[in-house]
There are 2 protein chains.
Amino acid sequence: MSIAGRKVETVDAESKVEESPQDHRMELRLWLRLLTCANMIETEIRRRMRACFDTTLPRFDMMAQLERSPDGLLLGELSRRMMVSNGNVTGLVDRLVQEGLIDRQISPTDRRAARVRLTEDGRATFAKMAKAHSDWIAELLADMPARDQDVLLQRLGSLKSSVQSATGGAIPEPRRRGKT
Amino acid sequence: MSIAGRKVETVDAESKVEESPQDHRMELRLWLRLLTCANMIETEIRRRMRACFDTTLPRFDMMAQLERSPDGLLLGELSRRMMVSNGNVTGLVDRLVQEGLIDRQISPTDRRAARVRLTEDGRATFAKMAKAHSDWIAELLADMPARDQDVLLQRLGSLKSSVQSATGGAIPEPRRRGKT
DNA sequence: GGAAGATGTTTTAGCCTTAAACTATTTTCC
DNA sequence: GGAAAATAGTTTAAGGCTAAAACATCTTCC
């Protein structure tokens with residue numbers, strides 16, 4: 001157990017810790033720093049996506065999902081994979097269709113369902129964006145030793161497990177982005 | 001140097017690595033996992049804030065800033081500290097004033113400027129929210145060994161440095177939240 | 001066959017966010 | 001003193017996000 005950065009040995013099975021209110025300083029600090037890192041990177045990537053390709057992260061994210069499914073996806077499936085609401089997907093799809101990057105067609109077998117997939121143009125455009133995205137991330141992490149990266153990845157795995165077990169795993173990996 | 005999870009020894013000072021296009025798999029994976037963790041936690045905290053206090057993270061964030069400044073803050077100062085735009089602050093302040101949690105008064109010496117501060121009610125309400133917030137974070141991290149938390153904090157520091165040096169430090173810690 | 005429930009999508013309503021335009025006030029500087 | 005520039009804040013326009021309700025279309029099961 002660690003409180004306010006100092007190690008505290010648990011003296012017995014019914015430690016006082018449970019009785020006195022804790023401030024959880026260590027945990028808060030960790031969360032704040034995690035949030036800061038994620039926001040720094042996200043802000044920068046968003047800015048570059050806008051500047052270089054005049055697009056947004058959610059749009060890029062959607063294209064990344066579609067790129068992995070050449071046969072296209074139903075909107076609901078897309079929604080699940082992106083971890084965003086259905087309504088959100090509708091708007092993003094509208095936008096990408098309008099730009100000619102994806103096309104949408106009603107399923108012949110189920111008239112409720114719509115399937116979307118990348119167009120030729122969309123696939124080519126995505127390839128360029130994915131390359132740039134990948135390079136940008138590498139650039140931002142360039143000053144971090146590879147060894148530290150390995151360690152960080154491991155510990156984030158541990159964090160992820162902890163959060164999943166605390167939330168009943170009900171939140172399955174919200175919104176991944178640009179996985180190529 | 002590590003590529004795709006395997007260690008690769010640099011054979012000489014002018015390694016081929018620089019010439020051939022890389023996929024930066026390791027960096028991408030790290031970024032995706034970081035984003036997943038941040039989003040999982042943020043989503044859950046947002047949900048609970050809504051459910052328990054019928055408020056939002058930005059509102060909580062604003063109250064946290066004000067709590068640290070008993071004499072109140074000018075809107076511009078608030079905007080700088082929260083790292084959001086001026087217009088954004090206007091809307092949030094309107095909402096909190098309307099709920100009676102903060103009050104806003106025009107500066108007597110400069111009629112352009114407005115100073116906002118927590119009301120008594122606001123201070124009491126914030127105390128409850130901050131306690132819950134802190135407990136929630138601790139709960140989400142509960143399954144992670146304290147040792148891992150320490151390591152994670154260190155490595156995130158390393159990451160932060162890398163990103164800052166890559167972006168010229170131009171992005172000064174976007175939006176911290178609920179720092180109590 | 002038809003009601004009930006499940007499933008897929010869209011709509012609605014409400015926040016948050018930035019950038020840019022705008023108002024009002026204060027400062028600067030001739 | 002008074003015009004020009006700087007500053008503080010608000011408003012507006014455009015986008016993105018979410019949850020929940022509404023709508024449409026299958027599937028199930030009597």
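Both backbone and side-chain heavy atoms feed into the values below; hydrogens, waters and symmetry mates do not. Protein chains get the first letters and strands the later ones, always in sequence-line order, with residue 1 at the start of each.
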In this structure, how many angstroms lie between the [atom2] atom of [N] and the [atom1] atom of [X], rounded?
X: A/Asp94; N: D/dG15; atom1: CG; atom2: P; result: 13 Å
X: B/Met49; N: D/dT18; atom1: CE; atom2: P; result: 19 Å
X: B/Met82; N: C/dC16; atom1: CE; atom2: P; result: 10 Å
X: B/Glu99; N: C/dC15; atom1: CD; atom2: P; result: 9 Å
X: A/Gln105; N: C/dT9; atom1: CD; atom2: C1'; result: 16 Å
X: B/Leu78; N: D/dT10; atom1: CG; atom2: P; result: 11 Å
X: A/Leu75; N: D/dA24; atom1: CG; atom2: P; result: 17 Å
X: B/Arg95; N: D/dT10; atom1: CZ; atom2: P; result: 17 Å

Restricting to side-chain hydrogen bond (donor to acceptor under 3.5 Å, both in side chains), what partner residues turn up for [X], sequence neighbours left out?
X: B/Thr55; answer: none
X: B/Arg48; answer: B/Glu44, B/Glu139
X: B/Ser85; answer: none
X: A/Gln154; answer: none

Closest contact, heavy atoms only, A/Leu78 versus A/Gln65 | CD1-CB, 3.8 Å
Does [X] reach a base, just sugar-phosphate, or nothing at all? Heavy atoms under 4.0 Å.
X: A/Arg50; value: nothing
X: A/Thr56; value: sugar-phosphate
X: B/Arg104; value: sugar-phosphate

Any protein N or O atoms within reach of nucleotides 18-22 of chain C? Criterion: under 3.5 Å, listing atom names and distances.
from	atom 1	to	atom 2	distance (Å)
C/dT18	OP2	B/Ser85	N	2.9
C/dT18	OP2	B/Ser85	OG	2.9
C/dT18	OP2	B/Asn88	ND2	3.2

Contact check, residues 106-114 of chain B vs DNA chain D, heavy-atom distance under 4.0 Å, returns B/Arg112, B/Ala113, B/Ala114
Would you find a donor on one side and an acceptor on the other, under 3.5 Å apart, between the side chain of B/Thr43 and the backbone of B/Asn39?
-> yes
Hey, does the side chain of B/Arg46 come within less than 4.0 Å of D/dA19's phosphate (OP1/OP2), counting only N and O?
-> no
OP1 or OP2 of D/dG9 under 4.0 Å from side-chain N/O of B/Arg80 | no
Not counting sequence neighbours, which residues clear salt bridge (charged side-chain N to carboxylate O under 4.0 Å, His left out) with B/Asp143? List them please.
-> none
Could you list the residues that satisfy side-chain contact (heavy atoms from CB on, under 4.5 Å) with A/Asp121, not counting sequence neighbours?
-> A/Leu101, A/Thr119, A/Thr125
With sequence neighbours excluded, what pairs up with A/Asp94 under the side-chain contact (heavy atoms from CB on, under 4.5 Å) test?
-> A/Thr90, A/Arg104
